[in-house]
Amino acid sequence: MGLPILQCSVAAALAWLVATEVFGHGRPFFAPIAVVICIGVGFGQQRLRRVVELVVGVSVGIGVGDLLISAIGAGWWQLALVLGLAMVTSVLLGGGTLVTLQAASSAILVATLLPPGGTGGLDRMLDALIGGLLGVAAIALLPGDPPEIVRRRGQELLGELAAALTAAADAITQRDREVAQAALRRARTQKAGDDYRDALRAAREIAAISPLHRRQRTMIERYTKATEPVDLALRNSRVLLRRTRAGLTDDETFPATLPVALRKLADAATAFAEALGADGDLGDVRERVRAAAVAVDADGIEHTGFSATVVTAQLRSVAVDLLQATGLSHEQARGFLPSMG
């Protein structure tokens with residue numbers, strides 16, 4: 001939280017300074033408020049859109065408040081009317097939650113604390129714009145290191161995939177369904193995936209507005225292209241774990257080389273995480289994935305049970321997903337692996 005706090009503090013002070021010293025506004029409280037709303041407290045919140053929504057919300061709230069309070073005066077019922085009309089107007093204009101709440105806040109301030117009429121409304125709209133622009137500037141000039149966060153989150157996400165595959169191998173080797181069950185519970189959580197997507201959205205947003213991170217757009221694009229295939233690999237790993245648990249429950253026979261193949265594929269996922277963050281050799285990753293597929297295909301599966309056969313097939317599905325994450329098309333990925341026959 002240190003970086004957002006620093007961004008808010010510096011940009012809010014500058015917004016107040018610009019509004020008072022450059023534009024001569026007496027109490028430009030909307031300027032620092034706009035900074036805080038624009039920056040928020042986290043990454044990946046579409047801040048450029050927030051600036052627009054903020055200005056719209058302030059405009060609606062001040063406009064409705066100034067018009068009505070000037071005509072009907074101030075009081076409890078006037079406050080209720082102004083607040084309701086400001087929020088209804090925002091909703092009818094298609095505004096989101098931020099627009100509606102900002103319109104409501106602005107209308108309350110106008111109805112209770114600020115004298116309506118004159119040029120106050122225009123000044124307050126300008127204050128909101130100043131704060132929003134300086135908030136974006138703070139994000140661009142004090143951006144932290146979102147690409148590094150993407151790398152870390154990507155490693156965590158692919159680490160979850162590797163952990164699921166390794167757990168399946170351990171469960172088969174130990175003939176222990178509880179190992180598969182525990183791994184399945186862990187794999188069903190979405191936190192690693194959600195953290196990764198939040199970090200990726202933030203990195204793309206920062207790279208678009210910050211000159212300090214534009215050179216890292218290529219790296220961010222690699223992660224973007226890998227997102228969907230990795231998500232499919234995680235989904236397939238959950239199916240793999242469920243069928244592993246079912247096969248062990250039914251006391252099925254698994255191919256003897258299946259645990260070895262699963263561990264090889266887990267190693268390939270770990271290698272992919274490292275290569276993706278360092279622009280490493282994806283050819284080596286592909287060969288690791290192929291070696292995992294070869295390891296299990298070398299052992300016949302005709303004498304295994306249904307769940308064991310599904311686990312073997314799911315290993316291949318995860319392998320195809322990882323190959324697609326390296327940049328191959330689906331057809332290329334399938335053709336890169338040995339035949340199941």
Pair Leu276-Thr326, side chain to side chain contact (heavy atoms under 4.5 Å, CB included): steps then yes or no: CA-CA 8 Å; Leu276 195 59; Thr326 67; over 6 Å; no
Given 3.5 Å as the limit, does a donor-acceptor pair link the side chain of [X] with the main chain of [Y], or not?
X	Y	result
Arg153	Ile149	no
Thr189	Arg185	no
Arg290	Phe336	yes
Thr257	Ala295	yes
Thr173	Asp170	no
Asp176	Glu178	yes
Asn236	Leu232	yes

Looking at [X] and [Y], what are the two nearest heavy atoms and their distance?
X	Y	value
Pro255	Thr312	CG-OG1, 3.8 Å
Val64	Ala86	CG1-N, 4.0 Å
Pro28	Ala19	CB-CB, 3.4 Å
Leu262	Ala169	CD1-N, 3.7 Å
Thr244	Ala171	CG2-CB, 4.2 Å
Ala162	Thr270	CB-OG1, 3.7 Å

Does [X] [atom1] have over 12 foreign heavy atoms under 6.0 Å away?
X	atom1	answer
Glu228	CD	no
Arg177	CZ	yes
Arg27	CZ	no

Flag the pair [X] / [Y] as yes when at least one side-chain heavy-atom distance between them is below 4.5 Å, and no otherwise.
X	Y	answer
Tyr196	Lys191	no
Leu337	Leu323	yes
Gln102	Phe30	yes
Ile72	Leu81	yes
Gln332	Gln324	no
Arg288	Phe272	no
Phe29	Asp127	no
His25	Trp16	no

Under 4.5 Å side-chain linkage, directly or through intermediates, the cluster mates of Val91: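 Answer for Val91: none, a lone residue.
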To the nearest 0.5 Å, what is the distance between [atom1] ([X]) and [atom2] ([Y])?
X	Y	atom1	atom2	result
Arg188	Arg186	CZ	CZ	15.0 Å
Glu160	Leu165	CD	CG	11.5 Å
Asp195	Leu157	CG	CG	9.5 Å
Leu14	Ile130	CG	CD1	11.5 Å
Leu240	Ser317	CG	OG	9.0 Å
Ser307	Gln314	OG	CD	11.5 Å

Mind running salt bridge (charged side-chain N to carboxylate O under 4.0 Å, His left out) on Arg263 and Asp267 for me, showing each step along the way? CA-CA 6 Å; Arg263 291 190 176 95; Asp267 290 342; over 6 Å; no
If a pair satisfies salt bridge (Lys or Arg N to Asp or Glu O under 4.0 Å) and one of its residues is in residues 85-95, list it, with sequence neighbours excluded.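 Listed by first then second residue: nothing to list.
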